[in-house]
Amino acid sequence: MGLGINLFGHNPPFIQTAISEQLQQGMHIGVQNTLAGEVAQLISELTGAERVTFSNTGTEAVMTAVRIARAATKRPKIAIFTNSYHGHFDSVLVRATMTEYAKKAARRIIAAKSGSFIGRLAQPIQALFTANLNPKAVPAAPGIPNSAAADVLILEYGNEHSLKLIRKHRRELAAVLVEPVQSRCPELQPREFLQQLRQITQELGIVLIFDEMVTGFRIHPGGAQAHFGVKADIATYSKIVGGGLPLSVIAGKASYMNYIDGGQWQFGDDSTPQVPTTFFAGTFCKHPLALAAARATLQHLKISGIELHNELNQRTTQLVNDLNTHMTQQGIAIKFTSFGSFFAVAASQSAVPPMAINLLSYHLITKGIHLRQGDKGGFLSTAHTEEDINLIKKAFIDSINELRNEGFINN
């Protein structure tokens, strides 16, 4: 569904109408559009954000949120977590060292043998690997300088020892950037960890940024913040909120968002900017067509209420349950997971080779089912019928059976 964009299907009539009507009014770029205030107000109502501004892509939104955090705290570094994705600017295209990945792989092997004599014997090693995290970041791709990685800590999501590292580096950390439910590892949904992270960052004056590109407006009208009961300082959104057009959102507490425009002040009187402003700009920010689609999307969510999400989430959960029941009955070590209307293979809970998961995507394509490339995840929309969901289910079962018959998946 458009990599998670199309919550209401590929061509919902109410968004089509909104775009068509706005198109008749022309493309007014460079001036403040009245739609911007309306959309910002709707976002504030649904998420509780005090102030809102707009950019075009998720990358731009996260980049701006990080810049705001550094401006507000006057600290240079940020912390992110392994397996998270925050766009394609240099500061977040970093990864942990290969040693850390090797340690994590060893821990998984030990955990898989936990009931055996060897597993019990290796438990002290597992505990040692869990407690001794190296937060050093290295470039994740060619073209990214080491200097970009130098200002980033890479932590392990859900690991309490990551919180200790945040305390250790508190004097240099501007922000902790978190994808509340990682699209690359959606089976990990650490509510308690997120609540502890909120408490620690608040205590230490570190900005907590939620990257809600995938989770925003999906699990709940208020996103992952509402679902987990955690209020971030800044949150970034895209995908669903744009109604199919390029739009991203930076929203949060006024004390941080004021670094965009100086806060509440105006020309012609004695008021002045309350804080120094950082740099933020973009020719196509607040594009009228994108704002029209966003307004239609948010109004539909507001009118529909939580019932829309509850029903769609339940249908996705049922799909995953049906698939997992079949895998268990057939003795196939694949487990599916979901978060809201997003579902995927739970890689950390499945015992199949990566090659089989990659081939699964190709088998599904031949049956008309398209998954995201990186995490092999899929999305349900309100436009999916029961017949559609049954076809999806059958495509997965048939594809996995084919891979088993070909020897890529063992019982």
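Note: hydrogens, waters and symmetry copies are ignored here, and every other heavy atom, side chains too, is used. Quantities reported herein were computed from a predicted structural model and do not represent experimental measurements.
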Q: Output side-chain donor-acceptor pairs under 3.5 Å for residues 248-255, partner residues at least two apart or in another chain, one line each.
A:
| unit_1 | atom_1 | unit_2 | atom_2 | d |
| --- | --- | --- | --- | --- |
| Ser248 | OG | Ser55 | O | 3.4 |
| Ser248 | OG | Ser55 | OG | 2.5 |
| Ser248 | OG | Asn56 | N | 3.3 |
| Ser248 | OG | Thr57 | N | 3.2 |
| Ser248 | OG | Thr57 | O | 2.7 |
| Lys253 | NZ | Asp233 | OD1 | 3.0 |

Q: Please confirm whether the ring centroid of Phe193 lies under 6.0 Å from the ring centroid of Tyr157.
A: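 Centroid distance Phe193-Tyr157: below 6.0 Å, so yes.
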
Q: Holding to salt bridge (Lys or Arg N to Asp or Glu O under 4.0 Å), I want the full list of residues that pass it with Arg191, two or more places apart in sequence or in another chain.
A: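 Here no residue qualifies.
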
Q: Apply salt bridge (Lys or Arg N to Asp or Glu O under 4.0 Å) to Lys393 and list each qualifying residue two or more places apart in sequence or on a separate chain.
A: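 Testing Lys393 for salt bridge (Lys or Arg N to Asp or Glu O under 4.0 Å), a comparison that skips the adjacent residues, returns Asp322.
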
Q: The test is salt bridge (Lys or Arg N to Asp or Glu O under 4.0 Å); show your working for Arg184 and Glu179 and say whether it passes.
A: CA-CA 10 Å; Arg184 295 172 176 174; Glu179 192 181 4; over 6 Å; no

Q: Could you give all pairs that pass the salt bridge (charged side-chain N to carboxylate O under 4.0 Å, His left out) test and reach residues 269-291, with sequence neighbours left out?
A: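 Residue pairs passing salt bridge (charged side-chain N to carboxylate O under 4.0 Å, His left out), neighbours aside: none found.
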
Q: For residues 291-319, which residue pairs qualify under salt bridge (charged side-chain N to carboxylate O under 4.0 Å, His left out), counting only residues two or more places apart or in two chains?
A: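 Every pair satisfying salt bridge (charged side-chain N to carboxylate O under 4.0 Å, His left out) with a residue in residues 291-319: Glu38-Arg295, Glu45-Lys302, Arg315-Glu386.
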
Q: Determine which pairs satisfy ring-ring contact (aromatic ring centres under 6.0 Å, His included) with at least one residue from residues 11-48, sequence neighbours left out, and list them in order.
A: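 Sorted result for residues 11-48: Phe8-Phe14, Phe14-His300.
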
Q: According to salt bridge (charged side-chain N to carboxylate O under 4.0 Å, His left out), does anything in residues 60-81 pair up with another residue at least two apart or in another chain? List the pairs.
A: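 Those involving residues 60-81 are Lys77-Glu172.
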
Q: For Phe54, what residues pass the ring pair (Phe, Tyr, Trp, His ring centres under 6.0 Å) criterion, not counting sequence neighbours?
A: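 Testing Phe54 for ring pair (Phe, Tyr, Trp, His ring centres under 6.0 Å), a comparison that skips the adjacent residues, returns none.
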
Q: Residues two or more places apart in sequence or in another chain: which of them pass salt bridge (Lys or Arg N to Asp or Glu O under 4.0 Å) with Lys367?
A: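 Expected list: Glu402.
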
Q: Does the separation of the ring centres of His227 and Phe339 fall below 6.0 angstrom?
A: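 Judged by ring-centre distance (under 6.0 Å), His227 and Phe339 do meet the cut-off.
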
Q: Among residues at least two apart in sequence or on other chains, which ones pass ring pair (Phe, Tyr, Trp, His ring centres under 6.0 Å) with Phe210?
A: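 Applying ring pair (Phe, Tyr, Trp, His ring centres under 6.0 Å) to Phe210 gives none.
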
Q: Measure centre to centre between the rings of Phe217 and Tyr237, then say whether the value is under 6.0 Å.
A: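 Ring centroids of Phe217 and Tyr237 are less than 6.0 Å from each other.
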
Q: What pairs with Arg51 under salt bridge (Lys or Arg N to Asp or Glu O under 4.0 Å), at least two apart in sequence or on another chain?
A: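 Scan of Arg51 (salt bridge (Lys or Arg N to Asp or Glu O under 4.0 Å), adjacent residues dropped) gives Asp261.
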
Q: Please collect all ring-ring contact (aromatic ring centres under 6.0 Å, His included) contacts where either partner lies in residues 272-296, sequence neighbours excluded, each pair once.
A: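 For residues 272-296, and leaving out neighbouring residues, there are no ring-ring contact (aromatic ring centres under 6.0 Å, His included) pairs at all.
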
